[in-house]
There are 2 protein chains.
Amino acid sequence: MPDDDRRAWETVLAHIETDLLEGRLRPGDRLPGERALAVELGVGRSSVREAIRVLEVLGLIRTATGSGPSAGAIIVALPGGGMSALMRLQMAARGFPVADVVKTRLVLEASVVTELAGAPNRPDLAGSEALLRAMESRELTEAEFLALDAQFHVSLAEASGNQVVTAMMAGLRSAIEGYARAGVPGLVSWPATSARLMLEHRAILAAVASTDAEAARLAVQSHISGYYAETHLT
Amino acid sequence: MPDDDRRAWETVLAHIETDLLEGRLRPGDRLPGERALAVELGVGRSSVREAIRVLEVLGLIRTATGSGPSAGAIIVALPGGGMSALMRLQMAARGFPVADVVKTRLVLEASVVTELAGAPNRPDLAGSEALLRAMESRELTEAEFLALDAQFHVSLAEASGNQVVTAMMAGLRSAIEGYARAGVPGLVSWPATSARLMLEHRAILAAVASTDAEAARLAVQSHISGYYAETHLT
DNA sequence: CTCACTGGTGTGGTCTGACCACAGTACATG
DNA sequence: CATGTACTGTGGTCAGACCACACCAGTGAG
């Protein structure tokens with residue numbers, strides 16, 4: 001076996017990936033128990049656990065204790081799961097400059113709203129609507145407001161149906177929240193800014209609803225870069 | 001301590017993330033040893049190892065055995081590291097449809113070449129050039145050719161300087177290679193297709209070099225969607 | 001007969017202790 | 001002064017032991 005040149009947990013990961021690729025494991029299935037997997041692959045249980053942990057953080061599986069059909073490690077493959085942790089930690093380690101995050105948002109979100117506006121079937125924007133109402137109806141702290149704001153942008157990506165873009169936006173979300181919150185002290189007036197943000201959100205939705213792709217694109221781009229410019233973040 | 005409601009490895013991860021955010025840890029630094037970290041946080045060494053493993057797969061650290069300054073867990077924060085593993089496994093678990101990957105490529109790469117063409121300083125495309133030469137100079141298998149092809153597209157993102165987009169493209173790379181290779185049997189003629197692909201690559205670079213952003217955008221989009229259409233992949 | 005309880009069983013979660021291979025370093029030795 | 005060897009500390013791995021948990025089957029009382 002060529003397993004000896006890899007680290008033990010890598011052989012476990014590779015084995016599971018192979019099972020996934022060849023259809024022996026599909027979403028909804030349960031992984032063998034940690035002890036069984038360890039015996040099967042000839043490694044220690046701790047090595048199996050390290051691989052399991054990686055899969056869990058990457059959003060591929062969900063683990064639960066106890067017994068019965070819902071216990072154990074279940075393949076879920078939820079798209080945004082791992083991307084979120086990844087972006088969050090990369091930002092923490094200064095791997096990703098804020099300016100690049102903003103630029104990437106501009107590109108991704110412009111494409112999202114363009115597609116939404118041009119969609120043949122009216123996309124379901126109920127989730128996005130609900131978030132806007134939540135932002136408008138209550139007195140929120142800045143952090144709460146910005147959290148909903150970021151979630152609104154992710155919800156647009158979800159509505160577009162593109163799972164890759166959705167995962168990327170979900171990953172970007174915490175990074176977005178982070179810089180948005182860091183920029184609040186640089187604002188002239190938070191009440192004024194938040195009021196403007198809410199109007200801009202409405203404008204974006206309205207443009208999408210009226211299938212005006214170009215207006216939607218411009219609205220979302222000025223929304224994003226406007227706030228970024230206003231916060232004077234480096 | 002509120003650590004008790006989380007799993008032990010999560011407290012380790014959170015602790016390291018906090019140190020990262022507050023500047024106590026920066027790229028290039030070494031993490032405390034696994035044993036020391038375990039004692040400090042009041043958890044077992046195996047829990048520390050699970051957190052370390054996650055950080056390693058996410059591309060945040062690099063581990064090495066032995067002793068001396070280069071041993072241990074060192075913070076590297078290499079951008080594309082984790083994204084690659086993430087996309088690869090998500091694709092394996094059928095979390096990401098091929099069509100969505102293609103659409104995302106269209107968006108990201110169009111933005112990349114547009115920015116390259118419009119850059120004030122002539123971007124450094126030597127790496128991309130070298131890849132093209134490698135593709136043209138030798139007799140390559142289909143898999144080798146497509147691997148270089150995918151790498152070429154990543155190199156364009158690198159040249160653009162946007163680290164977030166670069167990481168995303170690096171993550172998409174293996175997914176791209178995968179569907180590109182899977183589509184080869186559906187082609188009418190591989191020699192004809194590969195010849196066309198090489199011409200299109202040259203056209204993209206030429207458009208960028210002549211700072212014709214619109215031409216570059218169209219060239220890259222037709223390049224990507226053309227091949228995808230030709231392979232008849234679902 | 002029905003229902004509550006209670007043990008059994010198998011799951012992930014964690015800790016401990018032990019050993020290995022490795023690489024740098026300090027020290028003894030020529 | 002040069003060389004080599006033992007030491008030390010690192011990650012990598014394994015084995016075994018517990019725990020908490022959740023389901024499930026039996027068993028008891030009503």
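Protein chains get the first letters and strands the later ones, always in sequence-line order, with residue 1 at the start of each. The figures here come from the full heavy-atom set of this structure, side chains too, leaving out hydrogens, waters and symmetry mates.
- We find that CG of A:Leu41 is positioned 10 Å from P of D:dC14, with the value rounded to whole Å.
- In this structure, A:Ala64 reaches the sugar-phosphate backbone alone: every heavy-atom distance under 4.0 Å involves primed, P, OP1 or OP2 atoms, never a base.
- Residue A:Arg62 contributes atom CZ, which lies 12 Å from atom C1' of C:dT11 at whole-angstrom precision.
- We find that CZ of B:Arg30 is positioned 11 Å from C1' of D:dG11, with the value rounded to whole Å.
- Between A:His223 and A:His201, the ring planes lie perpendicular to each other; the angle is over 60°, past the 30° to 60° tilted range.
- Contacts of A:Gly66 with the nucleic acid, taken as non-hydrogen atoms under 4.0 Å apart, include base atoms.
- Heavy-atom distances to DNA chain D give each of A:Gly44 and A:Ser67 a nearest nucleotide, and the one nearer the 5′ end belongs to A:Gly44.
- B:Arg53 comes within contact range of the sugar-phosphate backbone alone, with a heavy-atom separation under 4.0 Å but no base atom that close.
- Taking only side-chain nitrogens and oxygens, A:Ser70 never comes nearer than 4.0 Å to OP1 or OP2 of D:dA22.
- Ion pair A:Lys103/B:Glu115 flagged as a salt bridge, since at least one NZ, NE, NH1 or NH2 atom sits closer than 4.0 Å to an Asp/Glu carboxylate oxygen.
- If you check distances only, the side chain of A:Arg45 does reach the base of C:dG13 with a donor-acceptor pair under 3.5 Å.
- Which of C:dC15, C:dG13, D:dC14 sits closest to the side chain of B:Arg7 comes down to C:dG13.
- The 5' end of DNA chain C is approached more closely, in terms of each residue's nearest nucleotide, by B:Trp9 than by the other of B:Arg35 and B:Trp9.
- Residue whose closest nucleotide on DNA chain D sits further toward the 5' end, between A:Thr65 and A:Ser47: A:Ser47.
- If you take CD1 of A:Ile52 and C1' of C:dG12, they are 10 Å apart, rounded to a whole angstrom.
- Remark: A:Glu56 CD to A:Thr63 OG1 distance equals 3.5 Å, nearest 0.5 Å.
- You'll find that the side chain of B:Glu34 is closest to D:dG12, out of D:dG12, C:dC15, D:dT13.
- One can place CD of A:Glu50 at 7 Å from P of D:dT13, the figure rounded to the nearest angstrom.
- Residue B:Arg24 qualifies as enclosed at atom CZ: its count of foreign heavy atoms under 6.0 Å is above 12.
- Atom pair B:Arg49:CZ and C:dC15:C1' shows a separation of 15 Å (rounding to whole Å applied).
- Contacts of B:Ser46 with the nucleic acid, taken as non-hydrogen atoms under 4.0 Å apart, include base atoms.
- The distance from atom CD1 of B:Ile75 to atom C1' of D:dG11 is 16 Å, rounded to the nearest whole Å.
- Distance, B:Ile74 CD1 to C:dA23 C1': 13 Å, rounded to whole Å.
- Between B:Glu158 and the choices B:Asn162, B:Val154, B:Leu156, the side chain to side chain contact (heavy atoms under 4.5 Å, CB included) rule is met once, by B:Val154.
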